[in-house]
Amino acid sequence: MSDFSDNQWVTFFQETAEAVLGRPADELGSLRNDNENEFDQIFQEANFKPYVFKLRAKMETYNDESRLKTVCLQATPVNFRDYNKVLLDNIEKMLGQ
């Protein structure tokens with residue numbers, strides 16, 4: 001995953017991966033074996049789509065090497081109408097109105 005500030009490797013489990021990719025896991029498994037081009041296309045179509053992610057991150061140490069492990073708990077598409085209302089409310093608060 002990435003945004004304007006940086007990128008991060010994130011683990012997606014079944015429910016969240018299905019939400020982002022729009023296909024059930026068993027279908028993806030059979031596509032990977034039967035039609036690798038279509039399998040790759042599903043991942044390409046998921047690129048650059050805006051979502052609101054709920055993540056869990058923790059530091060793990062293995063062989064004296066610490067690294068951040070991040071797991072996606074929830075992925076919901078951005079509702080731009082609701083998000084715009086939140087942004088307008090924040091702007092009004094900053095302007096003191």
Side-chain angles (χ1 to χ4, degrees):
M1 293 177 36
S2 63
D3 66 5
F4 66 93
S5 63
D6 203 357
N7 61 21
Q8 178 66 42
W9 286 100
V10 177
T11 302
F12 284 73
F13 292 107
Q14 184 173 351
E15 290 178 7
T16 53
E18 288 176 351
V20 171
L21 297 174
R23 300 281 182 97
D26 56 342
E27 182 181 331
L28 289 170
S30 62
L31 276 177
R32 186 171 186 191
N33 295 329
D34 300 336
N35 188 347
E36 197 163 325
N37 289 332
E38 187 176 346
F39 177 78
D40 291 339
Q41 184 63 32
I42 291 169
F43 281 85
Q44 290 301 317
E45 290 171 0
N47 286 338
F48 304 108
K49 291 188 178 176
Y51 285 89
V52 175
F53 294 102
K54 184 176 182 180
L55 305 174
R56 178 179 56 219
K58 65 180 182 176
M59 292 298 291
E60 288 190 346
T61 303
Y62 181 74
N63 287 341
D64 294 329
E65 188 175 314
S66 294
R67 51 183 223 192
L68 186 64
K69 181 177 181 179
T70 310
V71 175
C72 182
L73 302 175
Q74 184 179 18
T76 51
V78 174
N79 182 331
F80 290 103
R81 178 170 285 164
D82 291 343
Y83 188 61
N84 283 337
K85 288 178 184 176
V86 170
L87 291 176
L88 288 172
D89 288 344
N90 288 342
I91 290 170
E92 288 175 1
K93 286 177 187 175
M94 284 189 239
L95 294 174
Q97 297 178 355

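Residues take their numbers from the sequence shown, with the count starting at 1. Only heavy atoms go into these numbers, but all of them, side chains included; no hydrogens, no water, no symmetry mates.
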| query | L88, Y83: one ILVMFWY side-chain cluster at the under-4.5 Å cut-off? | reply | no
| field | Partner residues of N47 under the side chain to side chain donor-acceptor pair (under 3.5 Å) criterion, sequence neighbours left out | value | Q44
| remark: Between P77 and Y51 the two heavy atoms that sit nearest each other are N-CD2, 3.5 Å
| message | Please check: side-chain N/O of N35 versus main-chain N/O of L31, any donor-acceptor pairing under 3.5 Å? | response | no
| note | Hits for side chain to side chain donor-acceptor pair (under 3.5 Å) against R32, two or more places apart or cross-chain, chain-then-number order -> none
| query | Where is the tightest heavy-atom contact between V10 and V71, given as atom of each residue plus distance? | reply | CG1-C, 4.1 Å
| said: Within this structure, what is the CG-CE distance for the pair D89 and M94, rounded to the nearest 0.5 Å? | reply: 11.0 Å
| task | Determine yes or no for a side-chain-to-main-chain donor-acceptor pair under 3.5 angstrom, with N63 supplying the side chain and E65 the backbone. | result | no
| Contact check, side chains of M1 and T70, non-hydrogen atoms, under 4.5 Å | no
| query | What is the minimum heavy-atom distance between M59 and S66, and which atoms define it? | reply | CE-CB, 3.8 Å
| query | Are more than 12 heavy atoms from other residues, nucleotides or ligands located less than 6.0 Å from atom CD of E60? | reply | yes
| query | Any ion pair linking E38 and R23 (charged N to carboxylate O, less than 4.0 Å)? | reply | yes
| request: Can you see which heavy atom on Q14 is nearest to which on A25, and at what distance? | output: CG-CB, 4.1 Å
| said: Please determine whether the number of non-hydrogen atoms from other residues, nucleotides or ligands lying under 6.0 Å from atom CD of E15 exceeds 12. | reply: no
| request: Is it possible for you to say whether L28 and F13 belong to one hydrophobic cluster, with membership spreading through side-chain heavy-atom contacts below 4.5 Å? | output: no
| Spatial distance of atom CG (L73) from atom CZ (F53) [nearest 0.5 Å] | 12.0 Å
| said: Which heavy atom of A75 sits nearest to which heavy atom of A19, and what is that distance? | reply: O-CB, 4.0 Å
| message | Going by the rule ring pair (Phe, Tyr, Trp, His ring centres under 6.0 Å), which residues pair with F43 if we only count those two or more places apart in sequence or in a different chain? | response | F39
| task | Specify the closest pair of heavy atoms between C72 and L55, including all atoms of both residues, with the distance to one decimal. | result | CA-CD2, 3.6 Å
